[in-house]
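Below is one structure; the comments refer to it alone.
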There are 2 protein chains.
Amino acid sequence: MAEALTELARPRPGIYSRGSETVDSILKAALSVLIDEGAAAFTIRRIAAACGMKVGNVSYHFPRKEMLVQVLLDEIVTNYDVKLEMQVRQPNLSAEERLRLVIKICLDDICGKRTTRLFTELWALANHNDFIADRVRAFYGKVHEVIGEYVSAINPRLSKEEVATVALFISASMEGTTPFLGYQKPWAGDMPAITAISTEWFVRLAKSLEPGEIALMTRRLT
Amino acid sequence: MAEALTELARPRPGIYSRGSETVDSILKAALSVLIDEGAAAFTIRRIAAACGMKVGNVSYHFPRKEMLVQVLLDEIVTNYDVKLEMQVRQPNLSAEERLRLVIKICLDDICGKRTTRLFTELWALANHNDFIADRVRAFYGKVHEVIGEYVSAINPRLSKEEVATVALFISASMEGTTPFLGYQKPWAGDMPAITAISTEWFVRLAKSLEPGEIALMTRRLT
DNA sequence: ACGAAAATTTGATAAATGTCCAGTATTTGT
DNA sequence: ACAAATACTGGACATTTATCAAATTTTCGT
């Protein structure tokens, strides 16, 4: 089931302005269908219906369904990247305040319908679609970098690897709330308390971890 | 898309022993297909092929595909429940050691192909299938109970709600490793370190949290 | 070993899917 | 305003899907 990571995802089919708008409509509708109805309903016909278009036209702009998936995912990931950068790069904040902010931003975002639905679907799709797996990995790599930057600023004695591990731990812990406390999930009401614990304890972890301590703990465990 | 939570999931069609074995084969094959090929390949035909059977026979034992899904999920959840109970109820351990053990068991389990693949699929399916959402919720409810039991033993001053919140935090944090550090996931190699941090810091959280502190932190955050 | 119940095979059904193409309409540079 | 490039329509195509029913084989209490 190895996907072709090559030149499948062309820039954009549209050249005339009308075509460009149509492509936008299709992508928007495709995202809506994925979020509102799930991957099983992610069908050329449903997408066409969702943006009031004929099947043939969608097929004209995206001759292969896989193209649509790839262009859509690239757009989604880019949007998240931009949003993350914009929201996080606030001036006049200490490293600790920045880390708190990032944690709050991530958890607030997870509460939204879009993120809750989209990423649970992507995690599943990544199991058997190498392209999706690759993009999801790249996206979270950036998230880890941002978190790691602040962890490193809070605790400069930590090595690069230790910072990466702490960032991974914080990120994974936060993302884990998605299927449980995300949009309309069973424990969604507990998100404020979990956010509070997260900000407090992840900052505490970043502050108080000693260089070499992770290796020590790991060795002790096995 | 509201599912009928009623009497769809009959006990078992099989009456003759051969039929029983066939049903078992079907369920086993269905799980294999879901894990090895994903929800998109979860098809009567693929399942039939996976257990060397004719499509009509699978259809005879499970006249509706949704029946197969429901019986399969019930069996899966029951198996996990039993496994959890067995592994966790070790004698001669302190509450703290038990909590460490539960954390280690959960994270080790997440590393396996079965759990990594299965639960990412279930989280996605739960978005639009009420039956699956219900069973997944029930399962994690039990996990939280087990964790909460030990948290409560470690820190008896915490209220029931506080214990539940801490258990939810620990559980969600652990489950969050699935799409990142699970089977063949990008950061799978970091699981030992993450396990070490998890056991150490989740126990520390359970120990040191003061009654009323969660409410305080939550209020301070907003 | 007989016979009814259960299991299995075989083949068919309608519906839905991705892809394609001939023809028509629209857009855009000139 | 013209012509070429682009966009869109309508319909078709072969596959694949879940479900079903008649005919056959197997099972198992008697």
Side-chain angles (χ1 to χ4, degrees), chain A residues 1 3-4 8-30 33-34 37-73 125 128-129 131-132, chain B residues 1 3-4 8-30 33-34 37-73 125 128-129 131-132:
Chain A
M1 192 62 61
E3 308 291 327
L8 257 180
R10 297 180 300 157
R12 268 308 187 63
I15 292 185
Y16 287 2
S17 75
R18 182 168 175 193
S20 250
E21 287 169 26
T22 300
V23 169
D24 283 343
S25 304
I26 294 172
L27 290 171
K28 200 170 171 181
V33 170
L34 183 58
E37 309 180 41
F42 193 82
T43 284
I44 302 291
R45 284 174 161 76
R46 292 224 197 201
I47 293 167
C51 55
M53 250 183 242
K54 303 297 174 182
V55 177
N57 201 21
V58 176
S59 230
Y60 166 73
H61 288 286
F62 297 96
R64 316 267 134 212
K65 194 186 177 186
E66 188 63 18
M67 285 182 187
L68 172 54
V69 171
Q70 298 187 0
V71 173
L72 178 62
L73 190 52
L125 294 173
H128 304 96
N129 183 320
F131 179 87
I132 294 180
Chain B
M1 195 59 63
E3 308 290 328
L8 257 179
R10 297 179 300 159
R12 271 303 186 65
I15 292 187
Y16 287 2
S17 75
R18 181 166 176 193
S20 252
E21 286 169 27
T22 299
V23 169
D24 284 342
S25 303
I26 294 172
L27 291 170
K28 200 170 171 181
V33 170
L34 184 58
E37 309 179 41
F42 193 82
T43 284
I44 302 291
R45 283 176 160 72
R46 291 226 198 197
I47 293 166
C51 56
M53 245 180 248
K54 302 297 174 183
V55 178
N57 202 21
V58 176
S59 230
Y60 166 73
H61 288 286
F62 297 96
R64 315 270 133 211
K65 194 185 177 186
E66 187 64 19
M67 286 182 187
L68 172 54
V69 171
Q70 298 188 0
V71 173
L72 178 61
L73 189 53
L125 294 173
H128 304 96
N129 183 319
F131 179 86
I132 294 181

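Just the heavy atoms: all of them, side chains too, but no hydrogens, waters or symmetry mates, feed the values below. Throughout, a chain's letter reflects where its sequence line sits, starting with A, and its residues are numbered from 1. Predicted model only: the values in this text are computed from it and were never measured.
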### Task
Take atom NZ of Lys54(A) and atom P of dG18(C), then tell me their distance rounded to the nearest Å.
17 Å
### Query
Which part of the nucleic acid, if any, lies within reach of Thr43(A) when heavy atoms closer than 4.0 Å are counted: base, sugar-phosphate only, or nothing?
sugar-phosphate
### Task
Starting from P on dA7(C), measure out to CZ on Phe62(B) and report it in whole angstrom.
11 Å
### Message
Should the side chain of Arg45(B) and the base of dA18(D) be counted as holding a donor-acceptor pair, with the cut-off at 3.5 Å?
### Response
yes
## Note on the structure
Rounded to whole Å, CE of Met53(A) lies from C1' of dA7(D) at a distance of 10 Å
### Task
Could you state the atom-to-atom distance from CD1 of Ile44(B) to P of dA14(C) in whole Å?
20 Å
### Task
Find the distance Lys65(A):NZ to dT19(C):C1' and express it as a whole number of Å.
12 Å
### Task
Send over the distance from Arg18(B) CZ to dT24(D) C1', rounded to a whole Å.
12 Å
### Message
Does dC28(D) have its OP1 or OP2 closer than 4.0 Å to a side-chain nitrogen or oxygen of Ser17(B)?
### Response
yes
### Query
In whole angstrom, what separates His61(B)'s NE2 from dC20(D)'s P?
16 Å
### Query
Between dA6(C), dT19(D), dA7(D), which nucleotide gets closest to the side-chain atoms of Tyr16(B)?
dA6(C)
### Query
For the pair made of OH in Tyr60(A) and P in dA5(D), what is the distance, rounded to whole Å?
12 Å
